[in-house]
Amino acid sequence: MEEVRSLKVINELGMHARAAGEIVELAGRYKSRLLLAKDGRTADGTSILSILTLACPKGSEIEARIIGEDARKFMDELERLFEGEFGETVRGQYRPKKRTMKGIPVSRGIVLGRAHHLDRSKTQIFHTKLSNRRELERETHRFRRAVDMAKEQIRRFKSNIPEQVKGYAFVLDTHAKILDDSLLFDSTIRRIRREKINAEWALERSVENIHQLFKTVEDEYIGRRMDDVDSVSERVLRNLAGVKEESLAGINEEVIVVAHSLSPCDIAEINVSRVMGILTDVGGRTSHMAIMSEALEIPVVVGLETATDMILDGDLLILDGNTGEVIINPDPDTIISYEAKRKHYNNYKSAIDRLRHLPAETLDGHKITIRANMEFLGEGQAAIEHGAEGVGLYRTEYLYMTRGSLPDEETLFDDYSQIARMVAPDPVTIRTLDIASDRMASDMEASREDNPALGLRSIRFCLSERKLFKTQLRAILRASVYGNFRLMFPMISGLGQFLEAKRILRSVMRGLDRDEIEYNRDIPIGILIEIPSATSIADILAKHADFFSIGTNDLIQYALAIDRDNEHVAHLYEPFHPAVLRMIHQVVEAGKNEGIDVSLCGEIAGDPLSVLILLSLGLKEFSMNVGSIPLIKKMIRMVPLRELRDSLRGILHLSTSKKIEDFVLKKARSLLPDIFEEDVLRYRATGTA
Ligand code: PEP
Ligand code: MG
């Protein structure tokens, strides 16, 4: 079949590249072949460059010839494209197509703005073989200089870091340390000399080698530290190439930044009043850049994979940092609906924010304590700003996972005394090391285990590595005089183990006495209850502990035999399983009978529906991720505790988590409609049973 028609170019800009692109895209959808002709010249409809050679300004007549089985349909659509002015408006402005993308939301908030590309593409590198000693010396020197420059750049970023992310300055220190790391620095110099290759190539090989080492690590958090290595080496490569990178500080219009990846250095120099949001192709929830952006309250979506290809400079964007959705060139209806969503979210957020420094007191006057879970020192400021009344769980693994060797006593003391001072007079519950040897970024001999969750980890590991354990305990005790510390041992499965840990603590105390070093000898000593055997003997343990904290993340895993990190069984991970609720209740009762404090620090403490259940079971102290604090506080201030307890009475007799969830949700909706009808709030869904 053949179709021939004469088509007129009526759009203001004529047959320019974008219009030609629309034709090529259309041609790609049909089997038939398109030829365009003007003034004796013929162009192939599948080539933009060929079409442009026809040189067709507004008013030109083109002959379109389509040959093939779907020629008629193809021609009709082509005609519509010409008549529709290739998507241009009457004023000659291009009206681009609306597209949506979905990434990983890492910092909340909704914004509408223009895209600004920031070139963070990888530096092109070439392989050069070196032929003589002089060249070897020159390459080594070039590499050393590029590394020194990188250190100086990082030092400058650090000295200008915005107030809100000052607590993260240590991330930049880590970058500086990576530059000195033997796996990166020494090994690159060795490669230059041994393999007689240029500095860029040698560095790339060293980074590849580090990638290989990290590949075996399944932990997402540690895996993400590879981002830090990449961003540091990229900085050195740019210095070697003499390329100056565009800086975020130079942006002086309100924009949404689109980049392949951003480093913590980028965030450290960000102009907060100009950068409205950030989109990146790569990255994950726990990247340092994500954590720092959250502290600056800049909405961010990462892991979009092709954002830098799909989005053009100047495109209008809607970025939803709550859902991870990105809309490129939205139509007016979408803009209006998002504007409403944005207002709703902002009102909701400011209502919550206004309350965050008020006490978490229920409507009928019961005082509830809300504390923060922290992974590392950098989160301290955010915890205070979000209204935490102290730190209910200070996880201490960070310093063991992120450096090349075991942290020494001074490093630990420095970190612990800072958090103690920052939070005082409120308490900090510091948890001793909860890690297995294979998770540590040190040269310690790691034994691979078939079943690490049931293996030599946490308190078991510490009891078998006395020296390491004692170093940490000594640092904690020394720091205890700077604030209000409580010490907690994780993964205690029986009384003997707890008493053993306390014996070691006492021997560390004696050592400090001998050295005449001050510490708080009355430091409360508690147990993280997270193994079913501990819940069963909670009454026995309570006689020997000063406090309990219930760690439901592990308790659920061990009670239900569900690997908490395995997505194949995630649907069976049921926080509301009757067995889990009964265990929690048993621990609360045991604590009450012995008159010791019981709090809960698992993830469910940050989930509104779970908190209602936990309040009804008698818990009055919660520790949660920092971001959840304002919302949970807001909810608690609306809860009539006595009425809640009455209406949830009998919950421990319900037979499945589904029945429990339905029951509590129904009550929650009638008691607190504002919270549970709110569409910005998503409560945790339990499993299917
Ligand atoms: C827990 O297990 O509930 C807990 C708080 O500790 P983590 O998540 O660090 O294991
Ligand atoms: Mg745990």
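Count residues from 1 along the sequence. Numbering of ligands and ligand atoms starts at 1, following listing order. Bear in mind that the values here come from a model prediction, so they are computed numbers and not experimental data.
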Asker: Please check if any side-chain donor atom of Gln418 sits under 3.5 Å from a side-chain acceptor atom of Asp415, or the reverse.
Answerer: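 On atom types as modelled, these side chains do not qualify, holding no pair under 3.5 Å.
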Asker: I'd like to know whether Ile584 forms a side chain to side chain contact (heavy atoms under 4.5 Å, CB included) with Leu619, so could you lay out the CA-CA distance, the side-chain angles of the two residues, the decisive distance to 0.1 Å, and finally the verdict.
Answerer: CA-CA 9 Å; Ile584 295 173; Leu619 274 155; 3.8 Å; yes
Asker: Can any side-chain N or O of Tyr558 pair as donor or acceptor with the backbone N or O of Ala453 at less than 3.5 Å?
Answerer: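 Confirmed, Tyr558 side chain pairs with Ala453 backbone.
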Asker: Out of Lys658, Lys659, His653, which one pairs with Ser655 under the side-chain hydrogen bond (donor to acceptor under 3.5 Å, both in side chains) rule?
Answerer: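 Of the listed options, the one satisfying the test is Lys659.
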Asker: Distance-only, no hydrogens or angles: does the Ser623 side chain make a donor-acceptor pair with backbone N or O of Ala372 under 3.5 Å?
Answerer: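 It does hold such a pair.
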Asker: Any chance the side chains of Thr411 and Asp414 put a donor and an acceptor closer than 3.5 Å?
Answerer: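 Their side chains do not contain a donor-acceptor pair, so the 3.5 Å distance test is not met.
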Asker: Tell me, do Arg478 and Glu410 make a side-chain contact under 4.5 Å, heavy atoms counted?
Answerer: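 Yes, side chains in contact.
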Asker: Below 4.0 Å from any atom of ligand 1, which residues have a heavy atom? Give them in chain and number order, please.
Answerer: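 The 4.0 Å shell around ligand 1 contains Leu393, Arg395, Arg431, Asp434, Glu530, Gly551, Thr552, Asn553, Asp554, Arg564, Cys601, Gly602.
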Asker: With side chain to side chain contact (heavy atoms under 4.5 Å, CB included) as the test, would you mind laying out the steps for Leu671 and Phe676 before giving the verdict?
Answerer: CA-CA 9 Å; Leu671 269 178; Phe676 288 91; over 6 Å; no
Asker: Measuring from the Mg ion (ligand 2), count protein N/O/S atoms under 2.8 Å, please.
Answerer: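 Those protein atoms number 2 in total.
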Asker: Using the side chain to side chain contact (heavy atoms under 4.5 Å, CB included) definition, which of the options Met624, Arg431, Glu375, Arg371 pairs with Leu393?
Answerer: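 Single pass found, and it is Arg431.
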